[in-house]
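What you see below is based on every heavy atom in this structure, not just the backbone, and it leaves out hydrogens, waters and symmetry mates. Chain letters run A, B, ... following the sequence lines, proteins first, then strands; residues in each count from 1.
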Protein chains: 2
Amino acid sequence: MIVIKDVARRAGVSVGTVSNVINSPERVGEDTRRRVEAAIAELGYVRNVHARQLRVGHSRILGLLVLDMGNPFFVDVARAAERAAHRAGLGVMVCTSNQSASEEEEYLALFAEQRVRGVLLTPADGSGRTVEAFGRHGIPFVLVDRVGAGGAGCSVSVDDVAGGTLAVGHLTAAGHRRIAYVSGPPHLQQIRDRRAGALAALAEAGIGAEALIELPTETLDVAAGRDAASRLLGLSQRPTAVFCANDLIALGVLQTLFAAGVGVPQDMAIVGYDDIEFAAAAAVPLTSVRQPAAAMGRLAAELLLEELAGESGAHEHRQVVLQPELVVRRSSLVRRGANGGPL
Amino acid sequence: MIVIKDVARRAGVSVGTVSNVINSPERVGEDTRRRVEAAIAELGYVRNVHARQLRVGHSRILGLLVLDMGNPFFVDVARAAERAAHRAGLGVMVCTSNQSASEEEEYLALFAEQRVRGVLLTPADGSGRTVEAFGRHGIPFVLVDRVGAGGAGCSVSVDDVAGGTLAVGHLTAAGHRRIAYVSGPPHLQQIRDRRAGALAALAEAGIGAEALIELPTETLDVAAGRDAASRLLGLSQRPTAVFCANDLIALGVLQTLFAAGVGVPQDMAIVGYDDIEFAAAAAVPLTSVRQPAAAMGRLAAELLLEELAGESGAHEHRQVVLQPELVVRRSSLVRRGANGGPL
DNA sequence: GGCGACGAGTGAATTGTTTCAATGAAATTG
DNA sequence: CAATTTCATTGAAACAATTCACTCGTCGCC
């Protein structure tokens, strides 16, 4: 392996000069610089970031930990964050916790070992214990899709209570009086907030909380939606609408309902969450609560970059909360009897 | 920041002993080990991988570079590869080249700087120049979704010629005599192979090559599909079927055709490629050529691990080629006049 | 009791880079 | 022309770990 010393020898200069050519070329004379650059090219020298980081004390990599890269929502977040980081000359290491607190812990430990410059994460652990533990390493972090607890760092999130209200308010306005909530794993704050929003919408419509039939699932993917729909079909008093914690689940629900001959939206309305690209292309285009995924990723990265750039103390932690938006499509088209009493 | 020396002082031992506790605990006496472990826990010591790697010469990270994480196909590949690597105690750094040769070069340079243990990549550069250049660093790599040129390394791919034949053979058997190929960027080998397969299927059916109307696109995403469909609708002699280079494009085509009132499959049949999860949930469930994405990711990682484990020279490069499989759904249901002459 | 073997622990060398005080030469100034 | 400033370059220390040749007891055995 070629090291800086080999380049120095080849160019007939000291290692310090080679380092200067790489890191601050303006300090080096015109012709020496060209000689060194030629030597680098000829030998195919690539500098060792580990040696560099050991000396300078920090790397040029950001850690990004999301719940599930199988969900296009998080892919959008990750891409936007990566673009923003790249603009600032930083690389991003993307990892997936699979909504497991233990995997989250494992990856955060990896980030700490790597001495990443900063971390963007969507916590899987509802208790906030792993995040708190990570905070002790002194590595700056920004919470994504989750409001920060206690102001230990910045956060960018979307108002999930408002989102839940938007979704269920839309359904009650269309006359639905029994609504299922396919909720995903209840240890996630997002899930709990969306339920709170849903209940608020029911209350506002003067409907009791028992009208919300909760169907929790282990995961947040299409398979979970299929499974939940089977359970839904088995209920004695079948609801007339389903609110799904995300679009993957909604697509799974849609598939199973379709296979069972249940008409959407006539027999069962569906509202999803996230408004992923595939929601619009579904068998029945999905009504969904749109989250500004790209904006969230970009803002999170920018907040982190700001914190990194600011001389110590100059940065003040902020909690940014974005607003969701309801996108109405065919899966929840207003039924006959809308705005009327019970059907 | 706590370093190994602090731990050593706290535990009243030498730094060498602390290192042994971490890396080969069996060499250390019972009670010293416990003392050291306690010190590590109390101080919250996290070892610095950069210092470690500098000394031992290689990291415990694999680089993975795919064309587009927005495509669920590559997400599946990446997840499977990551699982396999994780089983062997290696982390994975996932990056996206966006099908750009320059971004590919950039990320490969990043991998080289990081001294990653090995690399899995789907080349974006059709010429193979960037891969060849990367080969000079002496970092083992495995090509994914692309057969290796010249046996410089292992590869895992799917027979794209066979896939193209499967798709177009299915369409000609259903009586289609004018078929569009929405192909994506032609510098990708996969795209060219699928076209070759498509032409082979036409030849086999006794149809001239001019029956394949090629509609290239810049990218391989849903937007590209929508755009291509607009062009398709503007053609003077409109084809009766479309073969799309991947499912994202197919979904875009489907959306635009639907919006234009073109019936699928009656007025236009569609066959996609990859069989991503969302293909089955589309407005009209998509016929698609299924690629074993997870198997490909897993196999690629395993080949790389084998190469890393094998004592130098013990490894022989292999080119694994998997077979695709046609999954027929509603978007290509057999039309009247199937197996007959021209319509 | 002396000798060898063994186990546990030490401490210095090593890894590849950056950084900075020091050096030397050339240019500028009074 | 001496003194000062500027500029390019050098060489060694520092970074935080691993590794390995050694040391120091202790034990067993003849």
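One interatomic measurement links the two molecules: NE2 of B:His50 to P of D:dT18, which rounds to 14 Å at whole-angstrom precision. Put simply, CD1 on A:Ile40 is 10 Å from P on C:dT17, counting in whole angstrom units. Between A:Gln114 atom CD and D:dA17 atom C1' there is a gap of 14 Å when expressed in whole angstrom units. Computed from coordinates, the A:Arg52 CZ to C:dT18 P distance equals 6 Å when rounded to whole Å. Rounded to whole Å, atom P of C:dG16 lies 14 Å from atom CD1 of A:Ile22. Rounded to whole Å, the distance from OH on A:Tyr45 to P on C:dG16 is 10 Å. The CD1 atom of B:Ile4 sits 14 Å away from the P atom of C:dG11 (whole-angstrom rounding). Between the CZ atom of A:Arg33 and the C1' atom of D:dT9 there is a distance of 15 Å, given to the nearest Å.
With a 4.5 Å cut-off on side-chain heavy atoms, A:Phe141 and A:Leu121 count as touching.
Contact annotation: B:Asn48 does not reach the phosphate of D:dA17 (side-chain N/O to OP1 or OP2, under 4.0 Å). Remark: B:Thr32 is in phosphate contact with C:dG9, judged by side-chain N or O atoms under 4.0 Å from OP1 or OP2.
Recorded end-axis angle for the helix from C:dG1-D:dC30 to C:dG30-D:dC1 stands at 50°, based on five pairs per end and rounded to 10 degrees.
The pair A:Asp31-A:Arg34 does not count as a salt bridge, with every side-chain nitrogen at least 4.0 angstrom from each carboxylate oxygen. Ionic pairing of A:Arg318 and A:Glu306 is present here: one or more N-O contacts between side-chain nitrogen and carboxylate oxygen are shorter than 4.0 angstrom.
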For the pair B:Val46 and A:Arg115, evaluate side-chain contact (heavy atoms from CB on, under 4.5 Å) and give the outcome as yes or no after the intermediate values. CA-CA 9 Å; B:Val46 180; A:Arg115 301 288 193 274; 3.9 Å; yes

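A donor-acceptor pair under 3.5 Å is formed between the side chain of A:Glu104 and the backbone N or O of A:Ala124. B:Asn23 places a side-chain N or O within 3.5 Å of a backbone atom of B:Ser19 that can act as its donor or acceptor partner. A:Gln319 places a side-chain N or O within 3.5 Å of a backbone atom of A:Gly153 that can act as its donor or acceptor partner.
Nucleic acid contact class of A:Val49 (heavy atoms, under 4.0 Å, all strands): none.
Here the CG-CG distance, from B:Asp68 to B:Leu220, works out to 7.5 Å after rounding to the nearest 0.5 Å.
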Base-contact (B) and sugar-phosphate-only (S) positions in nucleotides 10-15 of chain D, heavy-atom cut-off under 4.0 Å, - elsewhere: BB-BBB

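The 12-atom threshold is exceeded at CD of B:Glu42, counting heavy atoms of other residues, nucleotides or ligands nearer than 6.0 Å.
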